[in-house]
Amino acid sequence: MKRPTHRCGSLSEDDVGKRVVLAGWVQTVRDLGGVVFVDLRDRAGVVQVVFNPEVAPSAHEVSQTVRSEYVLQVEGVVRRRSPETVNPKIHTGTIEVLAEELEILNESKTPPFPIEDEIDTAENLRLRYRYLDLRRPRMTRNLLTRHRVASSIRKYLEEEGFVEVETPFLTRSTPEGARDYLVPSRIQPGRFYALPQSPQLFKQLLMVAGLDRYYQIVKCFRDEDLRRDRQPEFTQVDLEMTFVEEADVQALSEGMFQRLFHEVLGLELQVPFPRLTYEEALDRYGTDKPDLRFDLTLVDLTEVFRETQFQLFARAVKEGGMVKALPLKGEAKMPRSELDRMQGEENLKRHYGIQTGARGVAWIKVQAEAWQGPVARALSPQEKEEIQRRCGLEPGDLVLFVAGQKGMVNATLDLLRTHFGRKLGLLEEGTYRFVWVTEFPLLEYDPDEGRYTAMHHPFTAPRPEDVPLLSTEPDKVRARAYDLVLNGNEIGGGSIRNHRLDVQMKVFQALGISLEEAEEKFRFLLEALQYGAPPHGGIAFGFDRIVMLLAGAETIRDVIAFPKTQRAACLLTEAPAEVDPRQLEELWIRILPK
RNA sequence: GGGGUCGUAGUUAAGCCAGGUGAUAACGCCGGCCUGUCACGCCGGAGGCCGCCGGUUCAAAUCCGGUCGACCCCGCCA
């Protein structure tokens with residue numbers, strides 16, 4: 001076998017006249033009886049190879065036996081195509097390689113699906129033959145994009161003085177957070193390691209160690225249910241810095257994305273990114289990860305309806321809930337049939353995928369002469385005036401209302417806002433809208449557990465002025481936490497951490513973690529905080545999600561070489577699999593019957 | 001744990017609601033012809049336990065029950 005001198009897809013008119021050796025896979029064969037054309041593909045693209053019986057009889061003869069996905073080595077001369085045979089559809093369409101020698105390096109079975117971008121093949125088949133799926137140019141490109149993103153981030157962080165430090169995968173399970181993946185210890189029967197959900201505590205310890213600026217592009221593991229943008233093992237860009245406050249981490253992050261977008265997409269990002277507090281985000285968008293590519297905003301009308309005669313709204317307000325509206329400019333033309341599809345839980349689920357507990361969506365059509373819709377009749381003139389003012393309504397507008405408990409109202413309107421943002425074509429493709437969401441609550445009440453849990457994680461620092469509230473009104477305490485949201489996707493989150501033992505202990509106390517429990521689970525951290533722990537903070541980015549957005553992929557799976565299915569299985573290797581009973585015995589594990 | 005969509009040649013789909021004739025098409029595959037194609041073309045051909053198990057029926061791809069698998073969503077994901 002000779003070494004290839006060029007990549008097929010990288011040849012250009014600059015190479016005309018050169019003698020080249022290529023190796024690649026057969027994309028297509030066009031056997032015209034005399035002359036045979038083979039499109040040869042490698043990771044860079046395809047080039048047309050010509051086998052002419054008058055030029056190279058033996059190569060031509062072999063070329064007639066070639067099939068899809070055979071692996072070939074071709075030696076020949078690059079030449080310019082005559083004008084009428086140029087193919088503008090491929091990058092190398094102005095040239096071709098006139099073959100002189102051909103060797104079949106390997107044959108191939110007929111692939112189960114075509115190796116090309118526009119296929120309509122079931123994903124499970126693609127996953128089972130992932131190595132073939134990854135030969136498709138789009139998938140190859142996704143992996144190359146992933147590599148470039150990682151490379152760009154590494155360069156940036158290194159230039160900013162960050163040190164890459166590896167942290168253990170075999171570590172201990174800590175309470176709070178996601179379900180752990182456990183690894184049994186053979187040497188210590190009955191004990192288990194946990195795979196890290198993130199290197200959180202280790203990076204904090206590295207700050208205590210004085211490393212000052214740490215980063216890692218690292219796998220994390222969470223045993224939770226999968227989604228389009230969630231995998232049980234995923235990659236984080238994890239970083240931590242000492243002697244910083246929120247703004248420092250944010251500015252560093254903005255610089256990272258500026259560079260990334262410049263290098264990978266050729267786009268210049270405007271910084272600083274806009275900021276929204278958690279409260280503003282929920283108020284205006286109904287979610288803490290708003291998609292700012294369209295500027296539909298929600299309007300809180302709870303106060304307008306405090307004394308209303310309209311019973312549905314009145315009851316919601318009286319029961320401590322809220323009434324919020326989503327005004328839609330110029331949508332009074334929306335057909336009644338569509339509005340009817342928003343009535344009843346069953347309809348909302350079926351037509352909008354809304355399963356928030358909302359029973360229906362009230363609506364008003366604003367017309368020049370009168371307001372239309374069942375709700376309109378029940379409203380007083382003052383109420384109408386107030387709604388018009390707050391929503392900025394003009395004739396031709398449509399207003400959707402949801403009333404009830406706060407969480408349900410926001411969740412429902414978030415989904416409706418996103419639905420109509422897309423459906424009404426308000427979404428500019430190819431735009432990237434970043435936003436920082438700040439001032440998250442430190443804690444949230446978990447009715448199932450009957451206690452407060454950390455919204456971000458238990459090591460997040462409260463805002464200093466809120467510390468006294470920890471023991472009195474825990475849900476009013478704001479955290480020094482921040483999320484980075486891009487086009488409605490949470491792509492990163494971080495915080496300033498507790499570097500002082502007394503504050504950390506107060507947070508544990510608010511979380512209902514006893515002194516004994518804290519000692520047992522976090523002894524190493526609590527000790528470290530007593531040996532000169534510097535103020536520090538950081539952030540972790542969802543690397544796969546970032547690549548997904550940059551690559552324009554529909555799912556995180558399309559930017560991961562070997563992803564898992566929704567049931568957390570690898571269809572290629574058939575993991576998870578049963579193991580030999582002797583392996584279990586060594587690990588002191590017995591499987592319970594179902 | 002829950003809601004939804006889907007499963008028929010290698011692939012993608014039609015047929016299923018209203019059970020009954022050799023289960024249909026396109027692409028792919030195989031063979032033949034063809035010296036400038038690039039969605040090559042033309043001629044011919046092969047290919048199916050209709051996901052699996054069970055039930056109803058004279059008769060099941062079609063109706064019913066279960067099961068397995070893929071995807072989307074809710075819960076969950078600090």
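Reckoned from all heavy atoms, side chains included, excluding hydrogens, waters and symmetry mates. Letters go in sequence order (proteins before strands), and every chain restarts at 1.
- Counting any heavy atom pair closer than 4.0 Å across all strands shown, A:Phe37 reaches a base atom.
- Comparing B:rC34, B:rG28, B:rU35 by their closest approach to the side chain of A:Asp31 singles out B:rC34.
- Nucleotide B:rU35 holds its C1' atom 7 Å from the CG atom of A:Leu32, rounded to whole Å.
- Across all strands shown, B:rU56 forms no Watson-Crick or G-U wobble pair with both distances under 3.5 Å.
- Separating the P atom of B:rG32 from that of B:rC16 is a span of 40 Å, rounded to the nearest Å.
- As judged by a 4.0 angstrom heavy-atom cut-off over every strand, A:Arg227 is placed among the base-contacting residues.
- Here the two rings, on A:Phe459 and A:Phe522, have centers that are under 6.0 Å apart.
- Atom pair A:Leu571:CG and B:rC71:C1' shows a separation of 12 Å (rounding to whole Å applied).
- The CD1 atom of A:Ile95 sits 17 Å away from the C1' atom of B:rG36 (whole-angstrom rounding).
- No salt bridge links A:Glu116 with A:Arg136; every basic N to acidic carboxylate O contact stays at or beyond 4.0 Å.
- In terms of polar N and O atoms assigned as donor or acceptor, the side chain of A:Arg81 comes within less than 3.5 Å of the base of B:rC38 in a complementary pairing.
- Distance A:Glu123 CD to B:rU12 P: 12 Å, rounded to the nearest Å.
- Comparing B:rC33 with B:rA26, their P atoms are spaced 24 Å from each other, to the whole Å.
- Of the C1' atoms belonging to B:rG2 and B:rA9, the separation is 36 Å, rounded to the nearest Å.
- B:rG7 sits 8 Å from B:rG51 when the P atoms are compared, rounded to a whole Å.
- Atom pair A:Leu127:CG and B:rC71:P shows a separation of 7 Å (rounding to whole Å applied).
- Comparing B:rA70, B:rA13, B:rC38 by their nearest atom to the side chain of A:Asp120 picks out B:rA13.
- Using a 4.0 Å heavy-atom distance criterion, A:Arg451 is classed as making no nucleic acid contact.
- A 4.5 Å side-chain heavy-atom check between A:Gln200 and A:Arg497 finds at least one atom pair inside the cut-off.
- With hydrogens and angles ignored, a donor-acceptor pair closer than 3.5 Å exists between the side chain of A:Glu96 and the base of B:rG36.
- Rounded to an integer number of Å, the gap from CD of A:Glu107 to P of B:rC30 is 12 Å.
- Atom-to-atom, CG of A:Asn489 to P of B:rC77 comes out at 19 Å; the value is rounded to the nearest Å.
- Taking atom CG of residue A:Asp225 and atom C1' of nucleotide B:rC76, one finds them 6 Å apart after rounding to whole Å.
- Comparing B:rG10, B:rC38, B:rU12 by their closest approach to the side chain of A:Gln48 singles out B:rC38.
- With C1' as the reference atom, B:rC17 and B:rA60 are 15 Å apart, rounded to whole Å.
- Remark: A:Arg463 does not engage A:Glu246 in a salt bridge, criterion side-chain N to carboxylate O under 4.0 Å.
- Across all strands shown, A:Ser68 has heavy atoms under 4.0 Å from sugar-phosphate atoms exclusively, and none from any base.
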Intermediate values then yes/no, ring-ring contact (aromatic ring centres under 6.0 Å, His included), A:Phe234 and A:Phe221: CA-CA 7 Å; A:Phe234 62 101; A:Phe221 307 87; 8.1 Å; no
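- Within 4.0 Å of A:Asp223, counting heavy atoms only, lies no atom of the nucleic acid at all.
- Only the C1' atoms considered, B:rU21 is 16 Å distant from B:rU62, to the nearest whole Å.
- Closest to the side chain of A:Gln566, out of B:rG36, B:rG28, B:rC72, is B:rC72.
- On the C1' atoms, B:rA14 is 10 Å away from B:rA23, given to the nearest whole Å.
- B:rC72 sits 31 Å from B:rC49 when the C1' atoms are compared, rounded to a whole Å.
- With hydrogens and angles ignored, no donor-acceptor pair under 3.5 angstrom links the side chain of A:Arg30 to the base of B:rG41.
- At the heavy-atom level, A:Arg230 lies under 4.0 Å from base atoms of the strands shown.
- In this model, no side-chain donor or acceptor of A:Arg67 finds a partner on the base of B:rG31 within 3.5 Å.
- The side chain of A:Thr85 approaches B:rU37 more closely than any other nucleotide in the set B:rC73, B:rG31, B:rU37.
- Pair assignment for B:rG7 gives B:rC68, based on Watson-Crick or G-U wobble hydrogen-bonding distances that are each under 3.5 Å.
- Residue A:Pro458 is classed as a base contact, given a heavy-atom separation below 4.0 Å to a base.
- Evaluation of atom-type donor-acceptor distances gives no pair under 3.5 Å for the side chain of A:Arg222 against the base of B:rC77.
- Within 4.0 Å of A:Pro53, counting heavy atoms only, lies at least one base atom of the nucleic acid.
- Using a distance-only test at 3.5 Å, with no hydrogens or angles considered, a donor-acceptor pair links the side chain of A:Arg545 to the main chain of A:Glu490.
- A:Asp39 and A:Arg30 are joined by a salt bridge, as a carboxylate oxygen and a charged side-chain nitrogen come within less than 4.0 angstrom of each other.
- Residue A:Arg557 places at least one side-chain N or O closer than 4.0 Å to OP1 or OP2 of B:rC72.
- Atom CZ of A:Arg451 is surrounded by more than 12 heavy atoms from other residues, nucleotides or ligands within 6.0 Å.
- Backbone-only contact: A:Leu125 has heavy atoms under 4.0 Å from sugar-phosphate atoms and none from a base.
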